[in-house]
Amino acid sequence: MFSSIAPLARLNPFYAPHFQLVQDGLRKRTEPAEAPSTRRSLAAASAAEDYSCEYGSLKFYALCGFGGVLSCGLTHTAVVPLDLVKCRMQVDPQKYKSIFNGFSVTGLCKFGFYEVFKILYGNMLGEENAYLWRTSLYLAASASAEFFADIALAPMEAAKVRIQTQPGYANTLRQAVPKMFGEEGIWAFYKGVAPLWMRQIPYTMMKFACFERTVEALYKYVVPKPRSECSKGEQLVVTFVAGYIAGVFCAIVSHPADSVVSVLNKEKGSSASQVLMRLGFKGVWKGLFARIIMIGTLTALQWFIYDSVKVYFRLPRPPPPEMPESLKKKLGLTQ
């Protein structure tokens, strides 16, 4: 299906808008005119595709959120025994439900809100600016989604850490939550939200922005035919590959911090800066290959499940962004 992966190595997914515009402009002068904008393309295709809802409708957002629940819930449940061992919670089957619920909340907010903010910010920017600044749009939308996802996740994360670090405090989230509230009030659940933002927001920004730009690059440089001519199965293969590539970048970005956190969890009395200095540059990158395999596979499966839900429920799935007709006219790229 793919002719070559080499062009991706020369591709920077974070091109400056002006530089990308010049590249697109030069390319379009020698290529036929492109299809209309995303919204017009979706509207024109709706009759043939028979979508179950309108792009950007409440039903669309709800089903996207459901896809996020399945995406994060199922993939993280596959590795949840490791987390249960850490928290000494593995003997009670009810704990699987509790942990799954935590990841479900994250998936609902992360993927559902991402769609909301991507459309909201895109409408605020306007069609031309949304195209020119699409990478910034993806970064802003994913950061906003993760901001609220972490607020929703923080109480469960706080309870989980309390169970993990204080033996005998509680055995389940159901026991820990009321006990924490009685002792410290609502603040007990949000003391760690700022560190959670610092860890998760950059990771999610890379996860979504890199995925979006990789999908665009795959269809432009690798897939030998237009997306509209690809079957649903072929499109899902592209989704999986793009998700894996995004996961590789996520693993690389987050690995140094993950290495430091792993050492901090083993040692008491050490600070993050002390651990970082002791590990050195080479030390923080140990285990990167294994983490790339794990995070790459996990991210690829999440995107694959999420996109499969969209296909199953016949949701509108916008094609890779194309230059608006109005911008082409300004650049003199149309006859």
Side-chain angles (χ1 to χ4, degrees), residues 1-38 41-42 111 114-115 118 122 127-142 202-253 292 295-304 306-307 310-311 317-324 327-328 331 333:
M1 178 181 177
F2 306 112
S3 58
S4 172
I5 203 72
L8 289 180
R10 300 191 298 269
L11 205 67
N12 179 0
F14 302 106
Y15 277 146
H18 175 72
F19 181 62
Q20 182 64 41
L21 178 59
V22 171
Q23 282 196 323
D24 288 344
L26 292 175
R27 186 180 300 113
K28 301 309 174 186
R29 290 182 187 275
T30 59
E31 292 181 359
E34 291 182 347
S37 65
T38 297
S41 296
L42 289 171
F111 283 88
Y114 173 71
E115 298 287 356
K118 185 169 72 169
E127 190 177 40
E128 294 181 5
N129 287 329
Y131 172 79
L132 293 175
W133 294 91
R134 56 193 182 281
T135 299
S136 299
L137 173 63
Y138 304 145
L139 292 170
S142 57
Y203 177 92
T204 301
M205 291 170 70
M206 178 63 72
K207 176 179 179 177
F208 282 85
C210 186
F211 172 80
E212 296 274 17
R213 293 309 301 262
T214 301
V215 167
E216 183 179 342
L218 287 173
Y219 280 114
K220 185 177 291 185
Y221 298 106
V222 180
V223 180
K225 55 185 176 181
R227 180 182 183 268
S228 59
E229 297 179 11
C230 295
S231 66
K232 291 294 190 295
E234 290 172 333
Q235 292 177 20
L236 289 175
V237 170
V238 174
T239 296
F240 184 87
V241 173
Y244 208 105
I245 293 173
V248 170
F249 281 100
C250 288
I252 294 173
V253 167
I292 284 176
I295 299 298
T297 303
L298 197 69
T299 304
L301 288 174
Q302 286 179 355
W303 279 113
F304 182 84
Y306 181 65
D307 213 24
K310 286 186 172 183
V311 170
R317 297 164 62 241
E322 297 175 340
M323 187 180 295
L327 194 55
K328 292 185 201 174
L331 295 173
L333 302 178

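Given the structure is predicted, the values throughout are model-derived calculations rather than measurements.
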query = Yes or no on side-chain contact (heavy atoms from CB on, under 4.5 Å) for Val253 and Tyr203, after CA distance, side-chain angles and deciding distance?
reply = CA-CA 7 Å; Val253 167; Tyr203 177 92; over 6 Å; no

[X]: side chain to side chain contact (heavy atoms under 4.5 Å, CB included) partners, not counting sequence neighbours:
{"X": "Ala251", "value": "Arg291, Ile292, Ile295"}
{"X": "Thr204", "value": "Lys110, Ser142, Glu146, Phe208"}
{"X": "Ala300", "value": "Phe240, Tyr244"}

Check: Pro226 main-chain N/O paired with Glu229 side-chain donor or acceptor under 3.5 Å = no

key: Which residues share a salt bridge (charged side-chain N to carboxylate O under 4.0 Å, His left out) with Lys118, sequence neighbours left out   = Glu212

Exercise: identify the closest heavy-atom pair between [X] and [Y]:
{"X": "Leu137", "Y": "Ala130", "answer": "CD2-O, 4.2 Å"}
{"X": "Arg227", "Y": "Pro320", "answer": "CD-CD, 3.4 Å"}
{"X": "Ala246", "Y": "Cys210", "answer": "CA-SG, 3.8 Å"}
{"X": "Met206", "Y": "Phe249", "answer": "SD-CB, 3.8 Å"}
{"X": "Cys230", "Y": "Gln235", "answer": "O-NE2, 3.1 Å"}

request  = Assess whether side-chain contact (heavy atoms from CB on, under 4.5 Å) is satisfied between Val222 and Val241, documenting all intermediate values.
outcome  = CA-CA 11 Å; Val222 180; Val241 173; over 6 Å; no

task = Take Glu322 and Lys328 through the test side-chain contact (heavy atoms from CB on, under 4.5 Å) and record every step on the way to the result.
result = CA-CA 10 Å; Glu322 297 175 340; Lys328 292 185 201 174; over 6 Å; no

If you measure from [atom1] on [X] to [atom2] on [Y], what distance do you get to the nearest 0.5 Å?
{"X": "Phe211", "Y": "Glu216", "atom1": "CZ", "atom2": "CD", "result": "12.0 Å"}
{"X": "Lys310", "Y": "Thr239", "atom1": "NZ", "atom2": "OG1", "result": "9.0 Å"}
{"X": "Lys220", "Y": "Arg213", "atom1": "NZ", "atom2": "CZ", "result": "7.5 Å"}

ask   = Is there side-chain contact between Met323 and Leu331, with at least one heavy-atom pair below 4.5 Å?
value = yes

